[in-house]
Amino acid sequence: FPFIHTASYQPNKGKGWALRQAFARATALGYEYAITIDSDGQHFAKDLPVFIDKLETVRGAIIIGARNMNQASVPGKSSFGYKLSNFWYKVETGINCPDTQSGYRLYPLLRLQDMRFFTVKYEFEIEVLVRAAWKGVGIDSVPVSVYYPPAGERISHFRPFRDFTRVGLLNTVLVIITFLYIKPRNFFRVIFKKQTLKKMIREHLFNPHESDALKSSSIAFGVFMGILPIWGFQLIVAIFLAVLLKLNKALVIIAANISVPPMIPVIVFLSIKTGAPFMGNHVADLSFSRAITLRTIGDHLQQYVIGSIVLSVIAGLSAGALSMVYLKLTKRKQPGHA
């Protein structure tokens with residue numbers, strides 16, 4: 001096959017590096033898409049048309065060949081790694097991806113050519129999926145066949161300890177970036193698009209697929225986290241716990257922004273006032289004025305911390321109760337409800 005271009009180099013630097021070199025070569029040759037297929041015999045060339053057919057309806061997206069991982073022949077470590085990887089991908093991007101570890105993929109080269117990647121081994125396939133999603137590149141999938149030969153016949157350069165460690169470290173970094181930068185960035189992008197914000201609130205608040213209890217609990221939890229005295233970490237912790245508790249993340253984020261800058265003096269003042277009954281003879285009696293600053297908090301730290309915790313609970317419960325009442329009343333006004 002003289003039309004096949006082969007890219008070789010020494011020494012071997014890993015799968016990620018090989019893919020990056022292949023993408024650069026294909027882009028230089030004028031190709032817009034690249035399909036990757038693992039060379040260990042797990043994937044079948046007969047599935048190539050499935051990617052091409054999908055490309056007719058989904059342009060400019062990464063298309064993943066999703067394997068059937070429920071087969072009896074799938075090794076236990078592969079099944080565990082597949083589930084764990086899908087979980088972290090959902091945390092990092094909010095996207096449900098059926099198979100983040102499949103190497104059978106179609107890549108939109110033009111959407112990726114300006115991105116600078118850092119990983120060079122197996123973890124590259126996680127980095128490219130996460131960072132592409134952050135950039136707004138679509139992620140889709142098609143079902144493909146998979147073959148796992150008997151244990152004695154399997155060929156793999158995957159080193160469980162080293163490579164799982166590298167993937168774990170990468171996910172740790174990606175999760176930190178997600179909560180410190182990506183989630184806040186996406187939220188403020190929505191904030192500055194008022195119509196988008198209104199649409200998002202409407203869609204999540206009146207989502208028929210979620211119960212009123214879940215939605216009101218999400219709002220209550222968001223308000224609670226927004227007042228809790230962990231300034232600088234409120235949104236990060238709120239998002240992480242919202243994922244863990246399976247709450248409505250959008251409503252949690254919106255409600256947690258009760259502590260936007262104009263509201264901070266009000267929250268500090270109410271926190272100190274709420275903490276007063278718990279201080280006995282050491283109570284600080286303040287009036288609401290411009291004198292309420294970070295120094296005010298420092299001078300009355302114990303009263304502020306106690307008061308803010310109590311206030312966050314009261315405000316959270318109140319917000320949740322009001323949300324529940326509002327949702328119930330709104331439903332009664334809609335056609336078809338008694």
Side-chain angles (χ1 to χ4, degrees), residues 86-87 89-97 133 136 178-179 182-271 273-275 307-338:
N86 290 354
F87 167 77
Y89 185 74
K90 175 69 180 295
V91 172
E92 293 153 1
T93 65
I95 298 172
N96 281 311
C97 184
T178 297
F179 290 131
I182 299 299
K183 295 291 186 182
R185 179 202 69 178
N186 293 347
F187 176 77
F188 285 111
R189 281 180 177 177
V190 170
I191 287 293
F192 289 113
K193 295 179 181 179
K194 293 183 179 179
Q195 293 302 319
T196 305
L197 178 61
K198 290 179 181 178
K199 181 180 178 182
M200 187 176 77
I201 293 174
R202 187 168 59 250
E203 288 178 351
H204 286 275
L205 194 60
F206 300 108
N207 182 355
H209 302 295
E210 292 181 341
S211 67
D212 291 345
L214 176 65
K215 288 180 277 193
S216 58
S217 297
S218 300
I219 293 171
F221 181 72
V223 171
F224 168 78
M225 290 303 306
I227 298 175
L228 204 66
I230 50 173
W231 299 100
F233 298 93
Q234 291 163 317
L235 197 56
I236 300 169
V237 176
I239 295 170
F240 176 77
L241 292 176
V243 172
L244 201 63
L245 299 172
K246 297 182 180 180
L247 298 173
N248 185 311
K249 294 185 289 298
L251 292 178
V252 170
I253 293 171
I254 292 169
N257 277 270
I258 189 174
S259 58
V260 291
M263 286 293 295
I264 290 175
V266 178
I267 292 173
V268 172
F269 172 73
L270 292 176
S271 296
K273 285 293 187 182
T274 304
S308 61
I309 293 173
V310 175
L311 179 65
S312 64
V313 172
I314 295 171
L317 292 174
S318 300
L322 290 172
S323 301
M324 178 65 82
V325 171
Y326 175 74
L327 289 168
K328 295 297 183 185
L329 290 176
T330 304
K331 279 187 176 180
R332 287 184 180 180
K333 294 179 181 179
Q334 292 176 351
H337 287 273

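Values reported hereafter were calculated over all heavy atoms of this structure, with side chains retained and with hydrogens, waters and symmetry mates removed.
What you find for Leu247 and Ser217 is that their closest heavy atoms are CD2-CB, 4.4 Å. When all heavy atoms of Ile227 and Ala315 are compared, the pair lying nearest together is CD1-CB, 3.5 Å. A pairwise comparison of heavy atoms in Leu311 and Ile267 identifies CD2-O, 4.0 Å as the closest pair. Closest approach of Met225 to Gln234, counting heavy atoms only: O-CG, 3.3 Å. Residues Phe221 and Ala238 approach most closely at CE2-O, 3.8 Å, considering heavy atoms. Nearest approach of Ala220 to Gly320, heavy atoms of both residues: CB-CA, 3.7 Å.
The main-chain N or O of Met324 is never found under 3.5 Å from a side-chain atom of Ser216 such that the two would form a donor-acceptor pair.
Separating the CG atom in Asp212 from the OG1 atom in Thr330 is a distance of 9.0 Å, to the nearest 0.5 Å. Considering SG of Cys97 and OH of Tyr89, their distance stands at 5.5 Å, rounded to 0.5 Å. Atoms CD and CZ, on Glu92 and Phe87 in that order, are 9.5 Å from each other to the nearest 0.5 Å. Atom OG of Ser308 sits about 10.0 Å away from atom CD1 of Ile230, to the nearest 0.5 Å. We find the CD-CG distance between Glu210 and Asn248 to be 4.5 Å, quoted to the nearest 0.5 Å. A distance of 12.0 Å separates OG1 in Thr178 from CZ in Phe240, rounded to the nearest 0.5 Å.
When side chains are defined from C-beta on, Ile95 does not count as touching Lys90, because their heavy atoms never get closer than 4.5 Å. Annotation: side chain of Val252 is not in contact with side chain of Ile239 (no heavy-atom distance under 4.5 Å). You'll find the side chain of Leu214 reaches within 4.5 Å of the side chain of Ser211, heavy atoms only. The closest side-chain heavy-atom distance from Ile309 to Pro229 is below 4.5 Å.
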